[in-house]
Protein chains: 2
Amino acid sequence: MPKTPAPLYEQIRQLIVAALAAGEWRPGDALPSEPALAERFGASTGTVRRALDELAAENLVERRQGSGTFVSTHAEPRQQFRFLRLVADDEAGSFTRELLGCRRLRATAEIARALGLRTSEPVIEVRRLLHRRGRPVVLDELWLPERHFEGLTAEIIEGHPGALYALFEARFGVHMVRAQEKLRAVAATPEAAGLLRVPEGAPLLSVERLAFTYGDRPVELRRGLYHTGADHYRNDLN
Amino acid sequence: MPKTPAPLYEQIRQLIVAALAAGEWRPGDALPSEPALAERFGASTGTVRRALDELAAENLVERRQGSGTFVSTHAEPRQQFRFLRLVADDEAGSFTRELLGCRRLRATAEIARALGLRTSEPVIEVRRLLHRRGRPVVLDELWLPERHFEGLTAEIIEGHPGALYALFEARFGVHMVRAQEKLRAVAATPEAAGLLRVPEGAPLLSVERLAFTYGDRPVELRRGLYHTGADHYRNDLN
DNA sequence: GAGTGGTCTAGACCACGTA
DNA sequence: ACGTGGTCTAGACCACTCA
């Protein structure tokens with residue numbers, strides 16, 4: 001039985017993703033208008049429109065009536081904490097960052113497997129704290145393949161005012177598209193307890209995140225320890 | 001400045017939701033065909049189609065090519081554990097249920113607030129365990145407004161083979177549409193520790209869920225304690 | 001074969017943002 | 001005033017399901 005080819009709007013969607021991955025349009029840029037894209041792909045505007053709507057639903061592009069269709073960017077205020085689901089119980093207060101360290105090391109087996117690297121390939125490790133109302137609530141450790149983040153240092157991170165993902169985008173051309181998280185409750189190690197100012201062994205929410213760029217390529221492994229005393233992780237199911 | 005009226009497809013969407021809430025079509029039923037609905041609402045099939053597509057995206061209906069559009073039901077195998085995000089680290093093994101109790105009581109202030117009841121209105125409390133590979137992994141406590149679940153007893157729960165939400169749907173006509181969860185890491189109380197067979201004070205994942213039926217009416221408050229030793233809570237972000 | 005949803009098109013008109 | 005995306009329509013044809 002001959003397999004039905006993917007519908008035209010899906011093919012066009014994939015072509016646009018490929019163009020995004022190739023950097024034809026950068027985050028924040030406007031895409032060509034619907035008629036222009038329809039011309040380029042030899043389809044009707046309705047079909048192109050469908051492809052763009054799918055991309056908008058995936059948060060790869062953002063549509064603005066009267067203005068155009070734009071490549072999503074983490075630099076935008078609304079996207080700032082797009083992947084951070086921790087909210088204060090009273091919904092108030094924002095985060096401040098404290099960088100703990102940034103160093104180069106060789107991937108452990110676990111990190112290599114997650115990121116699709118060979119063991120002992122170089123990765124960059126970043127550690128930091130997030131505070132809310134002066135109290136530490138999140139201890140983040142993240143690992144990045146060095147080949148995509150060459151030259152990342154503590155100074156660069158400290159010198160950037162926005163979110164980490166905005167920095168990655170602006171400086172290394174790596175845009176995070178989606179992520180997968182695994183949550184567990186764990187007991188605070190002595191080190192984590194000290195940094196988060198909780199008793200040793202206190203329950204913490206462990207959030208292991210694998211983040212992907214265009215084309216489902218994993219480019220960041222992150223492990224967060226959340227102190228859920230006055231904050232909680234919010235999730236909407238449907 | 002005169003506010004633009006909601007687009008036609010959105011008005012139609014809301015009319016269909018109202019019909020679902022009124023029970024015009026029950027879970028599992030087929031909706032009328034697109035041309036029939038277009039006739040009923042005085043719109044083109046394209047517009048009705050858009051309304052149905054939105055409802056399908058919200059999981060209120062399910063579309064089956066060649067067959068029709070059907071009201072979603074938790075009785076269907078794929079929907080069985082639609083809201084349960086706990087998966088085994090090795091992705092294998094399924095759950096078995098053990099009912100611990102079912103009793104009638106008066107709503108505490110917290111339960112009343114969450115469910116939009118007056119304090120001390122009657123609610124039904126259900127407690128149960130979920131096991132995987134013979135080990136207890138989830139301790140659930142849930143509270144339901146009695147006025148929507150009149151006559152619910154342990155016998156009824158034990159006599160029903162499928163998921164709780166399928167039972168609620170079949171017996172009480174209450175279909176759960178979406179839910180909101182708040183996650184925290186907590187220390188096991190003596191009782192929870194005993195039931196989940198972990199040491200007292202061991203870290204557990206607390207999952208507080210508020211579930212809604214058609215029209216965003218909250219009809220269930222649930223608190224789960226998950227033992228995340230060999231399982232984790234999975235969440236996909238985009 | 002009849003009926004359903006899925007794809008694709010062409011075109012009209014509207015609402016919005018920008019200049 | 002112009003160009004953008006948003007809504008709505010009408011109709012052709014395809015793919016799938018089921019009797």
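Residue numbers start from 1 in every chain, and the chains themselves are labelled A, B, ... in the order their sequence lines are given, proteins ahead of strands.
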*Would you indicate what Thr69(B) reaches in the nucleic acid, counting non-hydrogen atoms under 4.0 angstrom: base, sugar-phosphate, or nothing?*
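Thr69(B): backbone/sugar contact only, no base atoms under 4.0 Å.
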*asked:* By the 4.0 Å heavy-atom rule, please label Arg49(A) as base, sugar-phosphate, or nothing.
replied: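 It contacts base atoms.
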*Nearest heavy-atom pair of Met176(B) and Phe149(B): which atoms, and what distance?*
CE-CZ, 4.4 Å
*Starting from the 5' end of DNA chain C, give me the residue, Ala43(A) or Gln65(B), whose nearest nucleotide shows up first.*
Gln65(B)
_Toward the 5' end of DNA chain C, by each residue's nearest nucleotide, Ser44(A) or Arg63(B)_ =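 Mapping each residue to its closest nucleotide by heavy atoms, the 5'-most match is Arg63(B).
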*asked:* Using the rule side-chain contact (heavy atoms from CB on, under 4.5 Å), only one of Asp140(B), Leu139(B), Leu99(B) pairs with Leu129(B); which is it?
replied: Leu139(B)
Between [X] and [Y], is NZ or CZ placed under 6.0 angstrom from the six-membered ring centre and within 45° of the ring axis?
X         : Y         : value
Arg64(A)  : Phe70(A)  : yes
Arg178(B) : Phe212(B) : yes
Arg82(A)  : Tyr165(A) : no

*Nucleotide interval of DNA chain D bounded by contacts with chain B (heavy-atom cut-off, under 4.0 Å)*: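 So the contact region on DNA chain D extends dT7(D) to dT17(D).
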*Go through the steps for Glu62(B) and Thr69(B) under the test side-chain hydrogen bond (donor to acceptor under 3.5 Å, both in side chains), then give the verdict.*
CA-CA 6 Å; Glu62(B) 186 185 327; Thr69(B) 302; over 6 Å; no
_Closest-nucleotide ordering on DNA chain D, the 5'-leading residue of Gly68(A) and Leu8(B)_ =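 With Leu8(B) and Gly68(A) compared, the 5'-side residue is Gly68(A).
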_DNA chain D-proximal residues of residues 30-39 of chain A, any heavy atom under 4.0 Å_ =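 Of all residues in residues 30-39 of chain A, the ones placing a heavy atom under 4.0 Å from DNA chain D are Ser33(A), Glu34(A).
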_Tyr214(B) and His175(B) aromatic centres sub-6.0 Å_ =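 Yes: the rings meet the under 6.0 Å criterion.
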_Using the rule given for salt bridge (charged side-chain N to carboxylate O under 4.0 Å, His left out), can you reason through Arg133(B) versus Asp90(B), listing the C-alpha separation, both sets of side-chain angles and the distance that settles it, and then say yes or no?_
CA-CA 12 Å; Arg133(B) 294 203 198 86; Asp90(B) 60 10; 2.9 Å; yes
